[in-house]
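Following: one structure in structure tokens, then a few remarks.
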Amino acid sequence: MSPVKAVLFDRDGTLVEDVPYNADPDRVRPVEGAREALAVLRARGIRTGVVTNQSGVARGLLTEAEVRRVNHRVDELLGPFDVFAMCPHGPDEGCHCRKPQPGMVLWAAGRICTHPADLVVIGDIGADVEAARRAGAHGILVPTAQTRPEETAHADHVAPDLPTAVRAVLNGPPAGRVLVDERPIQKAYTTGPTAGRVT
């Protein structure tokens, strides 16, 4: 396989703390390890991007302009990103871009001239890794307290945190189901304070 040329990240819950329907740039807070993980990728010449569902636009809870302002703040804190892609549609609109559909991943890959097979998508829910699979890319799930147990169980690759996910792709696409670092192996099997072991 080709080495990884780009990594696309889900935004809320993956790169920054999840604030539902956030329209306020001042509420953007990077998750632990995000800056360091992105710096490692950029130091290796691996391009970075963001692919984010924002159904709050369709629900009338925020505007596309507000989403762009929040994205701009994310880019100020964690960028520069090579590409941003946002789906403003609701879950019942049948669009091709909303994850788990592959449209955003394919569009972002085209924008940075990267074949999907050379791309990794990192996110915190099943829709993120399913969008990667449908696009022909590689997906890594980084579970949070909001991740459903069945999403963790069905993911091809699972990492306990963002830095571990990033280190797993530095020399090529992820290998193995549970991606681990120097910490005890059981930490890779938990998704929050009350989570159980995944088998």
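What you see is a predicted model, and the numbers here were worked out from it, not measured in a lab. As a basis for the values below, the full set of heavy atoms in this structure was taken, side chains included, without hydrogen atoms, waters or symmetry mates. In this chain, residues are counted from 1 in sequence order.
Within a 6.0 Å radius of CD in Glu32, no more than 12 heavy atoms belonging to other residues, nucleotides or ligands are found. Around the CZ atom of Arg111, the shell of radius 6.0 Å holds no more than 12 heavy atoms that belong to other residues, nucleotides or ligands.
When the options Val166, Val158, Val169, Ile140 are evaluated for a side-chain contact (heavy atoms from CB on, under 4.5 Å) with Leu179, the one that passes is Ile140.
Hydrophobic cluster membership is shared by Leu77 and Leu38, with clusters built from Ile, Leu, Val, Met, Phe, Trp and Tyr side chains linked at under 4.5 angstrom. Cluster annotation: Val120 is connected to Phe84 through the hydrophobic network of ILVMFWY side chains, with a link wherever side-chain heavy atoms come within less than 4.5 Å. Transitive grouping of hydrophobic side chains (ILVMFWY, heavy atoms separated by less than 4.5 Å) keeps Val121 and Leu41 in distinct clusters. Val50 and Leu119 end up in different hydrophobic clusters when Ile, Leu, Val, Met, Phe, Trp and Tyr side chains are linked at under 4.5 Å. Note: the hydrophobic cluster containing Val51 does not contain Leu78 (ILVMFWY, side chain heavy atoms under 4.5 Å, direct or indirect links).
Taking all atoms of both residues into account, the shortest heavy-atom contact from Ala155 to Arg177 is O-NH1, 2.7 Å. Contact record, Val31 with Thr14: CG2-O, 3.0 Å, taken as the closest heavy-atom pair. The minimum heavy-atom distance linking Ala165 with Ile122 is given by the pair CB-CD1, 3.9 Å.
Cluster note: Val57 groups with Tyr21, Leu61, Leu62, Val67, Met86 through ILVMFWY side-chain heavy atoms spaced under 4.5 Å, whether in direct contact or through intervening members.
Partners of Ile125 under the side chain to side chain contact (heavy atoms under 4.5 Å, CB included) rule, at least two apart in sequence or in another chain, are Ala127, Asp128, Glu151.
Of the possible polar contacts, none joining the Ser55 side chain to the Ala58 backbone as a donor-acceptor pair under 3.5 Å is found. Asp118 places no side-chain N or O within donor-acceptor distance of the main-chain N or O of Lys5, the cut-off being under 3.5 Å.
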Query raised in the report: What do the steps show when you test Gln101 against Cys95 for side-chain contact (heavy atoms from CB on, under 4.5 Å), and what is the final call?
Result: CA-CA 8 Å; Gln101 296 302 321; Cys95 76; over 6 Å; no
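Under the 4.5 Å side-chain criterion, counting only non-hydrogen atoms from C-beta, Leu162 is in contact with Leu15. In this structure, Arg134 and Glu130 have side chains that are in contact, with non-hydrogen atoms separated by less than 4.5 Å. Using a 4.5 Å heavy-atom cutoff, the side chains of Gln54 and Val70 are not in contact.
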